[in-house]
Amino acid sequence: MIDLHCHSNISDGLLSPAEVVRLAHANGCTLIALTDHDHTGGLAEARAEAQKCGIRLINGVEISVTWRKRTVHIVGLDFDDGNEDLQKLLAGVRKGRLKRLEAIAAKLEKRGISGAYEGALALAANPEMVSRTHVAEFLINAGHVRNKQQAFTKYLGDGKPASVPHEWAGLAEAVAAVNGAGGLAVIAHPMRYGFSATAKRNLFEEFKAAGGAAIEVHSGNSDKNDRLNYALLAERYGLLASAGSDFHRQGDYSGGILGACPELPGNCKPVWDFFQTA
Ligand code: AMP
Ligand code: MN
Ligand code: MN
Ligand code: MN
């Protein structure tokens, strides 16, 4: 049982890094990567807990990338989290979040929703990591939407009234930073971007040319069809296969159970066969 993509309250998850590791272990997981957005600050706590539980923990991070004006997420796995260039890149990516929150709150204000700035910040354990997830939670708690999905379709999703275009890291830059730190770069949840077949081809080709290693063939609640499709694409582009729940909290929109990813199709080359960390 493996899970190579999940979040703690270091970014937009609910549980602390130690609680994430404990829950994964309780769910029967034997190999986990904690992949908080743009931050590796939870890895030390997760590692200590993993040693206590006897579960194998791999360093992870999910880097926000802007590719052709769209946001794409690149997961880094099994890298040296002390690498200065990688940490510099992550610090740069984190920097814009508070300003973006101001802009999102101003747009919500125009729609008659006030208090989003303070409301979202109050929900973030780490203010510099305040995320659209926290704004969504504020909107739910204040009764403006029923659930997280609705918060994104009504207000926060790309092109919606409170969306604020944001420039994250470059694709090649993020891949190079992960590789430079001795890790493997993975395209997160390729089934969730709504890209055309052509856009996907361009993304996979550029990613591979930049030194990218793998794509998530399974993410969250994706189904068997998704797995078969993305296993074929991984094979076509010479990429390894990864799998992760993208767990943020129990009962969340993507529906993944922490620590429990289904088996990958037989034509996949698992990314975990290439990990160097014991
Ligand atoms: P941010 O990095 O602040 O732009 O927030 C992105 C986060 O919002 C993602 O990591 C997901 O956790 C969540 N998210 C993005 N799109 C959706 C969606 N359509 N429905 C629910 N959650 C979403
Ligand atoms: Mn998230
Ligand atoms: Mn993501
Ligand atoms: Mn994620």
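First listed ligand is number 1; within each ligand, the first listed atom is number 1.
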Straight-line distance of H7 NE2 to H39 NE2, nearest 0.5 Å:
14.0 Å

Is the centre of the F195 ring less than 6.0 Å from the centre of the W67 ring?
yes

If only atom types and distance count, is the side chain of D38 paired as donor or acceptor with the main-chain N or O of S64 below 3.5 Å?
yes

For ligand 1, is any non-hydrogen atom under 4.0 Å from H189's backbone (N, CA, C, O), its side chain (CB onward), both, or neither?
neither

Using 2.8 Å as a strict upper limit, say whether an N, O or S atom of H5 approaches the Mn ion (ligand 4) that closely.
yes

Ligand 1 N/O within reach of W168 N/O, cut-off under 3.5 Å:
no

Indicate yes or no: does K52 engage E49 in a salt bridge with an N to O separation below 4.0 Å.
yes

Of all the N, O or S atoms in D12, which has the shortest distance to the Mn ion (ligand 2)?
OD2

Looking only at distances, please establish whether an N/O atom of ligand 1 is found under 3.5 Å from an N/O atom of R192.
no

ILVMFWY cluster, M129 and L123 together (side-chain gap under 4.5 Å)
no

The Mn ion (ligand 4) to D246: nearest N/O/S atom name:
OD1

With a 4.0 Å cut-off on N to O distance, would you call E216 and R192 a salt bridge?
no

How open is the angle at the Mn ion (ligand 2) from atom NE2 of H248 over to atom NE2 of H37, rounded to 10 degrees?
120°

Report, rounded to 10°, the angle at the Mn ion (ligand 4) between the two atoms NE2 (H7) and OE1 (E62).
90°

Among all the protein's non-hydrogen atoms, which is closest to atom 6 (C) of ligand 1, and how far away is it?
R132 NH2, 3.8 Å

With a sphere of 6.0 Å drawn around CD1 of I257, does it hold more than 12 non-hydrogen atoms of other residues, nucleotides or ligands?
no

